[in-house]
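Notes follow once the structure below has been shown.
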Amino acid sequence: MSLEVTGVRKSFGRFPALDDVSLLAENGEFLALLGPSGSGKTTLLRVIAGLEEAETGSVRFGDEDLLAKPVRQRGIGLVFQHYALFRHMTAAQNIAFGIKSKPRAVRPSANQIKAKVEELLNLVQLEGLGGRYPSQLSGGQRQRVALARALAIEPKILLLDEPFGALDAKVRRGLRRWLRELHERTGLTTIFVTHDQEEALELADRVAILKDGKVEQIGTPEELYHDPASAFVFDFLGDSIQMACEVKGGMAVIGGVSAPIIGQKPDKDGPATAYIRPDGFQIGPKDGEGLGARIRDVLLAGPDARIDCVIDNDGAVEVRVPHKAAKGLAPKDRITLKARAVRVWA
Amino acid sequence: MTDAVARRWRFVEPSALPGFKPAMGFTMVYLSFFLLLPLAALILRPWEHGWDHVWKVISAPRTLDALKLSFGAAFFAACINAVFGTIVAWVLVRYDFFGRRLLDAFVDLPFALPTAVAGISLAAIYAPNGMVGKVFAPHDIMIAYTPIGVMIALIFVGFPFVVRSIQPVLEDMSVEVEEAAATLGAGRIRTIIQVVFPVIFPALTAGFSLAFARAVGEYGSVIFIAGNIQNVTEIAPLLIVMRLEEFDYAGAAAVGLVMLTLSVVLLFVLNLIQSWISRRGA
């Protein structure tokens, strides 16, 4: 069964947090909601969970109207950014809480609960730590307890609100991969909120990009990266360099050199803004064609060489080229820059 | 496993912070003048007319009744404050409404108001011809000049302690924890009992102890509403004043010493409970 959000609106005072949002998460899909802070992604998650009321619109799971049910009857697992663990309960007690909250008629026996908790502790790789209190666990461990706690109620959908937001980079990366594996094993429809594009692109089957309470684009990571629907999406999914250009017959002219336009082409000629990724440039000698620039710094650590330069009569840019193209370049050298291909949105 | 080096007992653990000696010295001098000396006087004074006199004073039915009233009424007042103070703190922290700040400021009034003023106002309201007393008088329920009146005065003076103890803990506790409980299928009552209450319980015990301690020693407001009838509404602090007026200093000190001992024991027990609870899952 799929989760279908249709035309959801929600505002806080006069600020529209969600403005006619519609999206669909297929059964078993891992969907990421990506957007800058204030884009409404957490609000959408809270509407689905039932912690926030939508003004209009519907949220359906299969043919079940989720908005008609109170939070505690929705059967949706939610993992919070700051864990929200019960600090006076051990990890095992935290995990058992949801099962023990079930009405007596459907509540498993004490032994079954114990077995279930053990199984979940194993699943989140916290064997033997069930007796610890949250204060005795690391951030990553706490978040895994929170995840196990949400999974304990056997939810129809799992919602994760920036689950790795409070963890350091290395732990994040490890947990990310682990979460993806866990998803493959459980097959649970999962919606994941993040403002980290790398995380979204690496984890999700599909990514919905939100901006000012609206869905800007939704698609697979590949589609989004290679075929961004707007300048915002392009800018949000990676480093981008913007330059003034002149559109002429389907080509963009920058500094006297024309470059092909990828993707949608603007219908009319005239001045526009070209969007280029840092690795979309070619470096030429100082008397070559293109934009003249002066190098400020050459950074040789990393998979690509990064060249920090100032374009004549314009701002500073950092372009990326293969190491061999950067050979012999030094600060204060003059070079020329030529865009290989650009994107232009009307 | 044992420590490789046997630890020697030390009065003070080494610290990078300078100034232990002057700070500790100041603390001791300060405590001596304002706390230890008066207490020492209280402990030494009762015995000047011998053990028999002390025993006669503290075993007199009038003294026993007064102590029972003082500690009993203070205990019940603290219990009532614990319940309603928690609710008030909850309302002040969890909801945003018009006049919240004003209400918040009102909570401190019992701290600031001269207790005699409070006692006179309470007596005026709860006396048989007062605003509230009038309602109960026809049903033969007396509030002022009965132990109930004493309790009302003690509730008044102890109230802010519970609210002010719980408020910061509630503020610190994120709503997310309650939301998590709701998404896990827990109802409101289960959430409050199992999720919220254990978190605020240590603060509640602390607030209860303070309210209780304050109520045991309260004098000013009670004497106006109590009516001060021997063996019925006479509180222990008043009895001390009576003994003083009779120039029976040893007797007064004896009652004071009993109050001190009982209070210390009770506060110590409450403290133990509190630290035992907060150690679990701290």
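Just so you know, these numbers come straight off a predicted model, no measurement behind them. Reminder, nothing fancy here: chain letters follow the sequence lines and each chain counts from 1.
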(message) Please determine whether the number of non-hydrogen atoms from other residues, nucleotides or ligands lying under 6.0 Å from atom CZ of B:R101 exceeds 12.
(response) no
(request) Pick one of side chain, backbone, both or neither for A:K102, based on which atoms fall under 4.5 Å of a heavy atom in chain B. (result) neither
(request) Give, as side chain, backbone, both or neither, the part of A:R132 having an atom under 4.5 angstrom from any heavy atom of chain B. (result) neither
(message) Within the supplied structure, the quantity of interest is the number of heavy atoms (other residues, nucleotides, ligands) at a distance under 6.0 Å from B:I189 CD1; does it exceed 12?
(response) no
(message) Checking A:K116 now: which residues fulfil salt bridge (Lys or Arg N to Asp or Glu O under 4.0 Å) with it, not counting sequence neighbours?
(response) A:E154
(request) Go through the atoms of A:A150 and report whether side chain, backbone, both or neither lie under 4.5 Å from a heavy atom of chain B. (result) backbone
(message) Just checking B:Y219: does its OH atom have more than 12 heavy atoms from other residues, nucleotides or ligands closer to it than 6.0 angstrom?
(response) yes
(request) Could you tell me whether B:Y30 atom OH has more than 12 heavy atoms of other residues or ligands within 6.0 Å of it? (result) no
(message) With a sphere of 6.0 Å drawn around CZ of B:F98, does it hold more than 12 non-hydrogen atoms of other residues, nucleotides or ligands?
(response) no
(message) Among B:T183, B:L184, B:V199, which residue has the highest count of heavy-atom pairs closer than 4.5 Å to chain A?
(response) B:L184
(request) May I ask you to name which of A:L85, A:T90, A:I153 has the most heavy-atom pairs under 4.5 Å with chain B? (result) A:I153
(message) Would you say that more than 12 heavy atoms from the other residues, nucleotides or ligands in this model lie under 6.0 Å from the CG of A:D168, or not?
(response) yes
(message) If the contact rule is any heavy atom under 4.5 Å from chain B, which residues of residues 70-84 of chain A qualify, in numerical order?
(response) A:V71, A:R72, A:I76, A:L78, A:F80, A:H82, A:A84
(message) With a 6.0 Å cut-off (strictly less than), is the heavy-atom count around CD of A:E184, excluding the residue itself, greater than 12?
(response) yes
(message) Measuring only between side-chain heavy atoms, which start at C-beta, is A:F97 closer than 4.5 Å to B:R190?
(response) yes
(message) Within a 6.0 Å radius of atom CZ on B:F20, are there more than 12 heavy atoms belonging to other residues, nucleotides or ligands?
(response) yes
(request) Would you give the length of the straight line joining atom CD of B:Q194 to atom CD of A:Q93, rounded to the nearest 0.5 angstrom? (result) 9.5 Å
